[in-house]
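Residue numbers begin at 1 in each chain, while the letters A, B, ... track the order of the sequences. As the structure is a computational prediction, the values presented were derived from the model and not from experiment.
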2 protein chains.
Amino acid sequence: MNVRLNPHVSVDCVIFGFDGQSLKVLLIDRNYDIPPEKLTKPLTLKLPGSMVYDDEDVDTAATRVLKELTGLENIFLKQFHVFGSPDRLKKEEDLIWLQAETHMKIKRVVTIAYYSLIKIHKTTPSDGRVVWLDAMNLPELAFDHNNIIQVGLQTLQKEIQHEPIELFELLPKKFTIRQLQTLYELILGKKLDNRNFRKSVSRSGYIVPVNEKERNVAHKPAQYYRFSHSRYLKNQKL
Amino acid sequence: MNVRLNPHVSVDCVIFGFDGQSLKVLLIDRNYDIPPEKLTKPLTLKLPGSMVYDDEDVDTAATRVLKELTGLENIFLKQFHVFGSPDRLKKEEDLIWLQAETHMKIKRVVTIAYYSLIKIHKTTPSDGRVVWLDAMNLPELAFDHNNIIQVGLQTLQKEIQHEPIELFELLPKKFTIRQLQTLYELILGKKLDNRNFRKSVSRSGYIVPVNEKERNVAHKPAQYYRFSHSRYLKNQKL
DNA sequence: AAACTTAGCGTATTAAATACGTTAAGTATT
DNA sequence: AATACTTAACGTATTTAATACGCTAAGTTT
């Protein structure tokens, strides 16, 4: 029999947000309570996550983490990959922190990664532990969390090609075509032609204008649009 | 602290094969060694799987299962979902079997599911424990394995829409357009127009004819084709 | 020789993607 | 008050892909 120990199972959430300019990721400072003079390493940022509790579905665990951190429920959340290499905890300070945090002699953790898309302004007033950082330009994070975010981003890139619906989770209810295009460009990592982009928007059939325009901008004010879920469903059926 | 127990972690492989007529799944009979008169329940078929060993990456565990079962290495294998509901083991006979098999007091198993695509004729002469069954018409399997296969099939359906390359893992090196179309139709679950299908094949640029035709068929013999990986890569770059 | 079966080419129509020119409506600058 | 500046928004022409459907070709079976 080759099985003796048993890896612990956790969930980690890559929570994306969009502030109109850049794509952000929500991170927490795991050493927030520790006085700065006691800190030796700068690796204090990590993805929000948790061990999976007894009698708790893994998806439920991810939902719980999201709720605890942002106060939000009914949020878009998608499992995208399991990170289960035995040397995920190879950095010594990661192992020390984990064992202190959980009060367990943990040797190995298999983590199930989720990504979530939320409107930044909806987050509850931050408690100081959480920060939004630019997803494209992150410092070194704890564990393999840089890698997890990168894979999450690649997954998101793929998804929006055939499920653009997910994108609207990141935008406010009313948004301009320019905002939508900026978001596409950020995630896809390339520039799009604005004129053709508008055409594909009007072709979509489910992005509809609302009776309101931008105000106080130093150029022609843009029309606001919204995502129509009912029209989206109709087009899918055909 | 809410964590006390710790779920066990396993991998399960949904191994798809194609015999020219229908899509098959490889299953194993977990009660193969047990004399029939001692069997109470007919739920003896399950997906090939294994607990994840210490110091073994989860992907490695899945590769190992595949190797042990089919003798094959360097096979297409893709993680697609984690099944982690606490009541996955709700059928009593499943729990009994699992505890006997592992000699452990297991209460809960979180399993990471993979799917794999192989050419049926490549499997080593079956050892009696393994069977290929029609993926679309399965009996009730152990655990939640019917559900796992269904989700795997849905994933495969989505994947082949933008990564048709995976399909060629299921076909022999030389295949006819009809075979390719049949495979598409099986996985997508709908009929396609043969004339338009041929057009999309020739448009693809990476399905090229070989210098050989069908023989001994009661109709016009079909041209054999092969998948050209180099041409596939060239087209992707554009 | 005729019937049968699947292979394989063609044509016409519609829809989607791409490239690029131009005008419109505001604010800021002089 | 006129001009410059900036982003919004519409249009046209071309290419490429998707869909619908007609027809011929090359074998075997009866």
Side-chain angles (χ1 to χ4, degrees), chain A residues 20-22 157 160-164 171-172 174-186 188-226 231-232 234-238, chain B residues 20-22 157 160-164 171-172 174-186 188-226 231-232 234-238:
Chain A
Q21 316 298 320
S22 60
Q157 264 177 24
I160 64 165
Q161 315 260 17
H162 37 105
E163 295 277 8
L171 289 166
K174 291 178 287 189
F175 53 85
T176 66
I177 302 222
R178 167 59 52 188
Q179 283 178 300
L180 180 60
Q181 184 180 342
T182 301
L183 186 51
Y184 259 99
E185 290 177 341
L186 277 171
L188 298 179
K190 65 178 180 188
K191 288 287 170 191
L192 302 173
D193 182 283
N194 178 257
R195 296 156 297 185
N196 292 334
F197 184 78
R198 299 188 107 87
K199 243 169 292 184
S200 75
V201 163
S202 74
R203 219 183 308 144
S204 81
Y206 51 75
I207 297 166
V208 297
V210 297
N211 193 19
E212 190 179 347
K213 289 193 177 189
E214 265 183 335
R215 276 183 293 171
N216 304 323
V217 285
H219 54 78
K220 176 172 175 177
Q223 175 70 44
Y224 279 119
Y225 289 79
R226 68 179 177 85
R231 296 213 176 176
Y232 177 77
K234 270 178 204 157
N235 289 22
Q236 291 298 95
K237 286 293 166 196
L238 300 178
Chain B
Q21 316 299 320
S22 60
Q157 263 177 25
I160 64 166
Q161 315 261 18
H162 37 104
E163 295 276 7
L171 289 166
K174 291 178 285 189
F175 52 86
T176 66
I177 304 229
R178 168 59 51 190
Q179 283 178 299
L180 181 59
Q181 184 180 344
T182 302
L183 187 50
Y184 260 100
E185 290 177 340
L186 278 171
L188 297 180
K190 63 178 180 188
K191 290 285 172 195
L192 302 173
D193 182 284
N194 179 257
R195 296 157 296 184
N196 293 333
F197 185 78
R198 299 188 108 86
K199 243 168 292 184
S200 75
V201 163
S202 74
R203 220 181 309 145
S204 82
Y206 51 75
I207 297 166
V208 297
V210 297
N211 193 19
E212 192 179 345
K213 290 192 175 190
E214 267 183 335
R215 275 182 295 172
N216 304 324
V217 285
H219 53 76
K220 177 173 174 178
Q223 175 69 44
Y224 280 119
Y225 289 79
R226 68 179 177 84
R231 294 211 179 179
Y232 177 76
K234 270 178 204 157
N235 289 23
Q236 291 298 95
K237 286 293 166 195
L238 300 179

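Of the two residues contacting DNA chain D, namely B:Pro221 and A:Pro221, the nearest-nucleotide position lying further toward the 5' end is that of A:Pro221.
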Just the table, please: protein N/O against nucleotides 10-14 of chain C N/O, every pair under 3.5 Å.
| unit_1 | atom_1 | unit_2 | atom_2 | d |
| --- | --- | --- | --- | --- |
| C:dT11 | O4 | B:Lys199 | NZ | 2.6 |

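Spacing between atom CG of A:Asn194 and atom C1' of C:dA19 amounts to 14 Å, rounded to whole angstrom units.
Between the side chain of B:Glu163 and the backbone N or O of B:Ile160 there is no donor-acceptor pair closer than 3.5 Å. Remark: the backbone N or O of A:Val210 is paired with a side-chain donor or acceptor of A:Gln223 at under 3.5 angstrom.
B:Pro164 and B:Tyr206 get closest at one heavy-atom pair: CG-OH, 3.2 Å.
Of all nucleotides in DNA chain D, those with any atom nearer than 4.0 Å to a heavy atom of chain A start and finish, going 5' to 3', at D:dT6 to D:dT12.
Among residues two or more places apart in sequence or in another chain, the side-chain hydrogen bond (donor to acceptor under 3.5 Å, both in side chains) test is passed with B:Gln157 by none. Residues meeting the salt bridge (charged side-chain N to carboxylate O under 4.0 Å, His left out) test with A:Lys190, sequence neighbours left out: none. Not counting sequence neighbours, A:Ser202 has no partner by the side chain to side chain contact (heavy atoms under 4.5 Å, CB included) test.
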Side-chain atoms of residues 211-219 of chain B: list all donor-acceptor pairs with protein atoms under 3.5 Å, sequence neighbours left out, distances to 0.1 Å.
| unit_1 | atom_1 | unit_2 | atom_2 | d |
| --- | --- | --- | --- | --- |
| B:Glu212 | OE1 | B:Lys174 | NZ | 2.6 |
| B:Glu214 | OE1 | B:Ala222 | N | 3.0 |

Side-chain donor-acceptor contacts of residues 193-200 of chain A below 3.5 Å, not counting sequence neighbours, with atom names and distances?
| unit_1 | atom_1 | unit_2 | atom_2 | d |
| --- | --- | --- | --- | --- |
| A:Asp193 | OD1 | A:Arg195 | N | 2.9 |
| A:Asp193 | OD1 | A:Asn196 | N | 2.9 |
| A:Asp193 | OD2 | A:Arg195 | NH2 | 3.0 |
| A:Asn194 | OD1 | A:Arg198 | NH1 | 3.1 |
| A:Asn194 | ND2 | A:Gln181 | OE1 | 2.7 |
| A:Asn196 | OD1 | A:Lys199 | NZ | 3.4 |
| A:Ser200 | OG | A:Phe197 | O | 2.9 |

(request) Give the C-alpha distance, both sets of side-chain angles, the deciding distance and a yes or no for side chain to side chain contact (heavy atoms under 4.5 Å, CB included) between A:Thr176 and A:Gln179. (result) CA-CA 5 Å; A:Thr176 66; A:Gln179 283 178 300; 3.4 Å; yes
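Applying a 4.0 Å cut-off to non-hydrogen atoms, the residues of residues 200-220 of chain A that approach DNA chain D are A:His219, A:Lys220, listed by residue number.
Put simply, the side chain of B:Tyr232 does not reach to within 4.5 Å of the side chain of B:Ser204, judged on heavy atoms.
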